[in-house]
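Counting from 1, the numbers follow the sequence of the chain as shown.
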Amino acid sequence: SEDQTEIFVYSYQQPVLQGNAPGLHMINTKLDNATTAFLYGSGGVEEMTELAKMDWRESWFNCYRLDRKVSVARLDDAVVSFRYSDYAFSGGVHGYIAEYGVNYDMVSGAQLEFRDLTDDEWALREVCRMHIMAELEDEENELKDALMPNYTQYLDLVLKNWVLTDEGLQFIAQPYVIAAY
C-alpha cells in the first residue's frame, strides 16, 4: 500500500521437467499454462491485488494471500503425477484450500484421465469406491465419527481427483466433501 502496509502476498512453484522423454516439451508447456492461469486468470494475482487495494483500509482487513505448492507424487519413464495444493485468503474467518492431482504420460505428453488406466473404467471405479468406503467405515478409523452426512453421494468427486504414486492410486478429497478437513 502507499504506507508500506503489506496487503497481499503470493507464492507459487513452477515445476520444470528435464531430460529427454518425448513428452517433456508438451508437459512443460502445460505446466507454464497452469502457472499463467494461476497468476493472471480468474482469482489470480492481478484480481487479488485489486481486491486487496480496495479493502486494505477496512478495520477487518488482514493481508490477503495466494499460494500454490506442487509436489511430485510419481516420476518415472512412463508417468509424472503432480499434486497441487492451492490456498487463497481474501478475508473472512479462514482461507480456502484446494488440492488436486494432474497426471501426464511421459511419452505422449498427454494428460492422463482415469479411463486411461484401464480397459474397464466402470469396474476400476467400483473397486476404488468400495475400497474407499471400507477404509472410511472401518471401526479402527479414528475419523469415522467426523464424516460428513451423506458423504457417500460425493465419492464420485473424490474418484475424479487422483495421482499415481509408487504404491498405486491415491485419491484426494477436498475439505467438506468427506469430512471437514
Engineer: So which pairs with a foot in residues 28-61 pass ring-ring contact (aromatic ring centres under 6.0 Å, His included), sequence neighbours left out?
Structural biologist: Phe61-Tyr64
Engineer: Please indicate whether Lys69 has more than 12 foreign heavy atoms, meaning atoms of other residues, nucleotides or ligands, lying under 6.0 Å from its NZ.
Structural biologist: no
Engineer: Under the 3.5 angstrom rule, does the side chain of Asn150 hit a backbone N or O of Gln153 as a donor-acceptor pair?
Structural biologist: no
Engineer: Are Leu136 and Trp162 in one and the same hydrophobic cluster, where Ile, Leu, Val, Met, Phe, Trp and Tyr link if side-chain heavy atoms are under 4.5 Å apart?
Structural biologist: yes
Engineer: Indicate, with yes or no, if Val79 and Val72 share a hydrophobic cluster defined by side-chain heavy-atom contacts under 4.5 Å among Ile, Leu, Val, Met, Phe, Trp and Tyr.
Structural biologist: no
Engineer: Looking only at heavy atoms, which two atoms of Val163 and Gly101 are closest? And how far apart?
Structural biologist: CG1-CA, 3.4 Å
Engineer: With sequence neighbours excluded, what pairs up with Glu140 under the side-chain contact (heavy atoms from CB on, under 4.5 Å) test?
Structural biologist: Asp138
Engineer: Would you name the heavy atoms of Ile97 and Pro175 that are closest together and state the gap between them?
Structural biologist: O-CD, 3.9 Å
Engineer: Hey, are the side chains of Asp105 and Asp116 touching, using non-hydrogen atoms and a 4.5 Å cut-off?
Structural biologist: no
Engineer: Taking atom CG of Asn20 as the centre, report whether more than 12 heavy atoms of other residues, nucleotides or ligands fall under 6.0 Å from it.
Structural biologist: no
Engineer: Under the ring-ring contact (aromatic ring centres under 6.0 Å, His included) definition, can you give me all pairs with a residue in residues 2-25, not counting sequence neighbours?
Structural biologist: Phe8-Tyr10
Engineer: May I ask you to check whether over 12 heavy atoms, not counting those of Tyr154, lie within 6.0 Å of atom OH?
Structural biologist: no
